[in-house]
Amino acid sequence: MKGLMMHRPLKIADLITFAAENYPSGEIVSVRTEGDIHRTTYLETSKRVARLAHGLRRLGVKEGDRIATLAWNGYRHFELYYGVSGIGAVCHTINPRLSAEQMIYIVNHADDRLLFVDLTFVPIIEKLREQLPQGLRIVVLTDRAHMPETTLDGVLCYEEILDGETDSIDWPDFPEDQAAGLCYTSGTTGHPKGTLYTHRSTVLHAFNMCVTIPKTLCEGTRILPVVPLFHVNAWGLPYGAPLSGAGLIFPGGALDGKSVFDLMDREKVFSAWGVPTVWLGLMNEINQRGRLPEGFGDIVVGGSAAPRSLIEAFETKGINVCHAWGMTEMSPLGTQCNLPPQLQQLPLEERLDRKQSQGRRVFGVDMKIVDDAGNRLPHDGKVSGHLYVRGNTVTSGYFENPEASKEVFDAEGWFCTGDVAAIDADGFLKITDRSKDLIKSGGEWISSLDLENIVMSHPGVAGCAVIAVPDPKWDERPLLIVQARDDAQPRKQELIDLLAVRVAKWQLPDDVVFVEALPLTATGKVSKLTLRKTYAEDME
Ligand code: AMP
């Protein structure tokens with residue numbers, strides 16, 4: 001028997017309407033590319049979003065059209081999230097750190113109609129213009145006074161699209177599985193692949209965030225998304241914040257430790273979200289100044305494993321660390337490691353053991369681990385296997401890419417994350433490696449993540465990576481690559497000795513290489529692909 005409740009499709013635009021009605025003065029603060037600070041509210045933003053939606057329609061944007069952005073974190077980018085999806089079009093966020101080749105591929109593959117760019121990125125588009133779709137129109141995210149001199153033809157000014165439009169709108173109805181957002185993963189091999197989010201998956205993800213990270217996502221807190229709007233929707237913050245009433249502080253393009261510290265201090269940011277590299281930079285700054293930014297209480301760290309030493313540094317200064325795991329293909333939140341009160345009371349070392357894990361799954365994301373043959377493995381915290389997920393916020397296939405889609409689902413329809421993990425009886429997930437990053441030495445696995453974590457605890461180490469290099473006897477052996485801190489000169493033997501206390505002798509790296517700077521991927525993670533190309537070419 002069917003139930004008798006109304007069915008209202010879940011729609012993204014309803015989030016901003018909700019925020020405007022419930023938290024009209026909730027603040028959005030942005031460091032602008034024009035160089036100043038801009039302040040607005042959810043009420044004002046909802047009005048500008050309505051004007052943008054009308055303006056987009058005037059430009060001929062229809063349901064299903066892909067509208068691209070190449071922009072930092074700021075209020076105009078946020079408005080596009082809502083204005084574009086609100087009228088049933090698809091907001092396609094592009095990562096400006098991608099190579100020219102990848103960017104050209106993505107814009108052509110997505111067949112974008114409009115491309116909204118920050119002032120900073122106009123020169124990139126000038127260079128690529130010839131290789132982008134003919135009909136693509138470029139809009140610069142600024143006002144008339146700041147429009148740049150450019151070689152681009154027919155370029156439009158963002159503020160002029162809004163000018164003269166009315167500031168209210170009846171959002172159109174469409175099914176909740178209508179496409180709303182598109183984000184390509186940079187991928188380790190082949191072309192980038194697009195994850196196409198729906199209104200339903202996005203709204204459910206916003207609920208999930210608010211339920212699982214409630215102390216951060218609540219009315220009146222101030223959150224700094226250092227994680228970019230071009231990377232998996234800034235982990236869902238543009239949706240979770242308006243739903244919960246939290247304010248957003250957008251940092252623009254300056255993401256070094258000093259800039260982040262100054263912004264957090266000035267704007268009394270409570271919670272800041274980003275990848276470990278950013279927090280290492282901030283911790284340096286905190287140590288140099290001998291104090292925390294005012295109002296600071298919490299970080300959410302994900303995108304790659306948070307080193308134990310990093311978690312410890314923040315926790316011992318009274319900052320709650322929420323270690324989270326997810327993927328572009330998962331919207332992205334899969335698990336989060338805020339501890340319940342009884343575990344928060346644990347002695348530091350035990351608390352760190354817990355926090356080093358990626359935490360427990362959010363509702364609606366099911367997880368299983370399997371062996372090479374696909375057999376399920378127990379959730380005993382000891383055995384690790386290939387991690388698969390399924391759920392309402394997980395992709396069901398890549399955008400217009402059946403070949404890539406075929407490779408990532410098992411016979412039961414679960415999505416293969418490419419991560420290797422253990423899950424314990426309390427539901428805590430521990431990522432031990434990426435499948436490709438594991439090292440198989442003499443038939444035994446060595447976890448690169450475990451070794452990296454230990455090396456990161458050395459005070460002279462700014463960053464490190466362990467990769468497999470081919471070995472005639474053992475098949476593969478671990479190689480440690482280290483970026484030292486500015487003023488430090490850690491010695492090889494010191495690092496090996498540090499490891500030797502914690503891991504078996506056969507797991508110790510055969511060699512240590514020091515580099516000026518570790519290569520980073522477009523999303524700010526250490527690029528093991530690049531390192532493998534340099535140090536282990538034969539394996540590729
Ligand atoms: P992306 O889709 O670019 O966000 O990359 C997703 C991948 O990043 C995951 O499959 C993991 O390999 C890695 N990752 C994300 N968060 C974590 C984490 N907290 N710990 C370890 N690996 C992570």
Side-chain angles (χ1 to χ4, degrees), residues 10 176-177 179 181-190 192-198 200-205 207-209 211-212 232-233 235-236 302-305 323-337 357-438 445 447 449:
L10 297 171
E176 61 184 11
D177 58 359
L182 178 62
C183 182
Y184 284 73
T185 56
S186 27
T188 43
T189 50
K193 296 166 286 188
T195 302
L196 191 60
Y197 308 104
T198 63
R200 176 184 161 81
S201 68
T202 307
V203 174
L204 288 177
H205 186 267
F207 277 115
N208 269 345
M209 299 171 73
V211 170
T212 48
V232 217
N233 308 318
W235 296 349
S304 50
H323 187 194
W325 165 83
M327 301 183 75
T328 305
E329 290 90 334
M330 298 175 66
S331 307
L333 191 58
T335 63
Q336 60 80 31
C337 198
S357 85
Q358 281 73 8
R360 294 175 292 179
R361 71 185 175 97
V362 297
F363 177 77
V365 174
D366 301 330
M367 305 191 297
K368 67 173 179 182
I369 45 172
V370 301
D371 64 16
D372 287 344
N375 303 310
R376 287 204 189 207
L377 295 169
H379 292 190
D380 61 5
K382 294 188 194 100
V383 194
S384 53
H386 305 284
L387 176 62
Y388 281 75
V389 291
R390 68 173 182 198
N392 294 314
T393 54
V394 178
T395 184
S396 66
Y398 292 111
F399 177 56
E400 295 190 353
N401 196 339
E403 297 80 31
S405 304
K406 246 190 292 171
E407 283 171 20
V408 288
F409 297 96
D410 71 4
E412 295 175 343
W414 292 65
F415 174 78
C416 175
T417 63
D419 289 326
V420 179
I423 302 171
D424 73 16
D426 295 324
F428 282 80
L429 175 82
K430 180 86 204 293
I431 302 280
T432 47
D433 232 318
R434 292 286 296 164
S435 324
K436 263 202 96 171
D437 296 343
L438 274 171
W445 295 112
S447 158
L449 267 186

**Student:** State which residues pass side chain to side chain donor-acceptor pair (under 3.5 Å) with Asp177; sequence neighbours excluded, sorted by chain then number.
**Tutor:** none
**Student:** Return the set of residues passing side chain to side chain donor-acceptor pair (under 3.5 Å) with Thr393 (not counting sequence neighbours), or none when no residue passes.
**Tutor:**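 Partners of Thr393 by the side chain to side chain donor-acceptor pair (under 3.5 Å) criterion come out as none, since no residue qualifies.
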**Student:** List for me each residue that meets ring pair (Phe, Tyr, Trp, His ring centres under 6.0 Å) alongside Phe399, sequence neighbours excluded, and say none if there are none.
**Tutor:** His109
**Student:** Looking at every heavy atom in both Gly194 and Tyr184, which two are closest together, and how far apart are they?
**Tutor:** N-CD2, 3.5 Å
**Student:** Looking at residues at least two apart in the chain, or sitting in another chain, which of them share a side chain to side chain contact (heavy atoms under 4.5 Å, CB included) with Phe207?
**Tutor:** Val203, Leu243
**Student:** How would you list all residue pairs meeting side-chain hydrogen bond (donor to acceptor under 3.5 Å, both in side chains) that involve residues 325-336, not counting sequence neighbours?
**Tutor:** Trp325-Asp419, Glu329-Tyr398
**Student:** Going by ring pair (Phe, Tyr, Trp, His ring centres under 6.0 Å), name the residues that satisfy it together with Phe415, two or more places apart in sequence or in a different chain.
**Tutor:** Phe409
**Student:** To the nearest 0.5 Å, how far apart are CD1 in Ile431 and CD in Gln358?
**Tutor:**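 CD of Gln358 is found 5.0 Å from CD1 of Ile431.
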**Student:** Run the side chain to side chain contact (heavy atoms under 4.5 Å, CB included) test against Ala373 and tell me which residues pass, sequence neighbours left out.
**Tutor:** Asp371, Asn375
**Student:** Grab the two heavy atoms, one from His205 and one from Pro332, that are nearest each other, plus how far apart they are.
**Tutor:**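 Taking every non-hydrogen atom into account, NE2-N, 3.4 Å.
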**Student:** Taking His323 for its side chain and Ala305 for its backbone only, find out whether a donor-acceptor pair lies under 3.5 Å.
**Tutor:**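 Checking the backbone N and O of Ala305 against the side chain of His323, no donor-acceptor pair under 3.5 Å is found.
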**Student:** How many angstroms lie between atom CG of Asp424 and atom CZ of Arg360, to the nearest 0.5 angstrom?
**Tutor:** 9.5 Å
**Student:** Please report the interatomic distance CG(Leu438) to OG(Ser384), rounded to the nearest 0.5 Å.
**Tutor:**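 That separation rounds to 7.5 Å.
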**Student:** Sorted by first residue and then second, give each salt bridge (charged side-chain N to carboxylate O under 4.0 Å, His left out) pair with at least one member in residues 379-396; sequence neighbours left out.
**Tutor:** Asp366-Arg390
**Student:** Does Thr198 have any side chain to side chain donor-acceptor pair (under 3.5 Å) partners at least two apart in sequence or in another chain, and if so, which?
**Tutor:**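 With neighbours one apart ignored, the set is Ser201.
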**Student:** In chain order, what residues pass the side chain to side chain contact (heavy atoms under 4.5 Å, CB included) check against Glu412, with sequence neighbours excluded?
**Tutor:** Lys368, Arg376, Asp410, Trp414
**Student:** Less than 4.5 Å apart, side chain to side chain, heavy atoms only: is that true for Leu333 and Met209?
**Tutor:** yes
**Student:** Does the side chain of Asp437 reach to within under 4.5 Å of the side chain of Leu449, using non-hydrogen atoms?
**Tutor:** no
**Student:** Rounded to the nearest 0.5 Å, how far does CZ of Arg361 lie from OG1 of Thr212?
**Tutor:** 12.0 Å
**Student:** Could you pull out all residues at least two apart from His386 that satisfy side chain to side chain donor-acceptor pair (under 3.5 Å)?
**Tutor:**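 Result, side chain to side chain donor-acceptor pair (under 3.5 Å) vs His386: Asp372.
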**Student:** For Ser405 and Asn401, which heavy atoms make the closest approach, and how far apart are they?
**Tutor:**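 Scanning both residues, the minimum pair turns out to be OG-O, 2.8 Å.
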**Student:** Evaluate the side-chain proximity of Asn392 to Asn208: yes if any heavy-atom separation is below 4.5 Å, no if none is.
**Tutor:** no
**Student:** Please answer whether the main-chain N or O of Thr432 pairs with a side-chain N or O of Ser447 as donor and acceptor at a distance below 3.5 Å.
**Tutor:** yes
**Student:** Phe363: what forms a ring pair (Phe, Tyr, Trp, His ring centres under 6.0 Å) with it, not counting sequence neighbours?
**Tutor:**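 Per chain and number, Phe363 pairs via ring pair (Phe, Tyr, Trp, His ring centres under 6.0 Å) with no residue.
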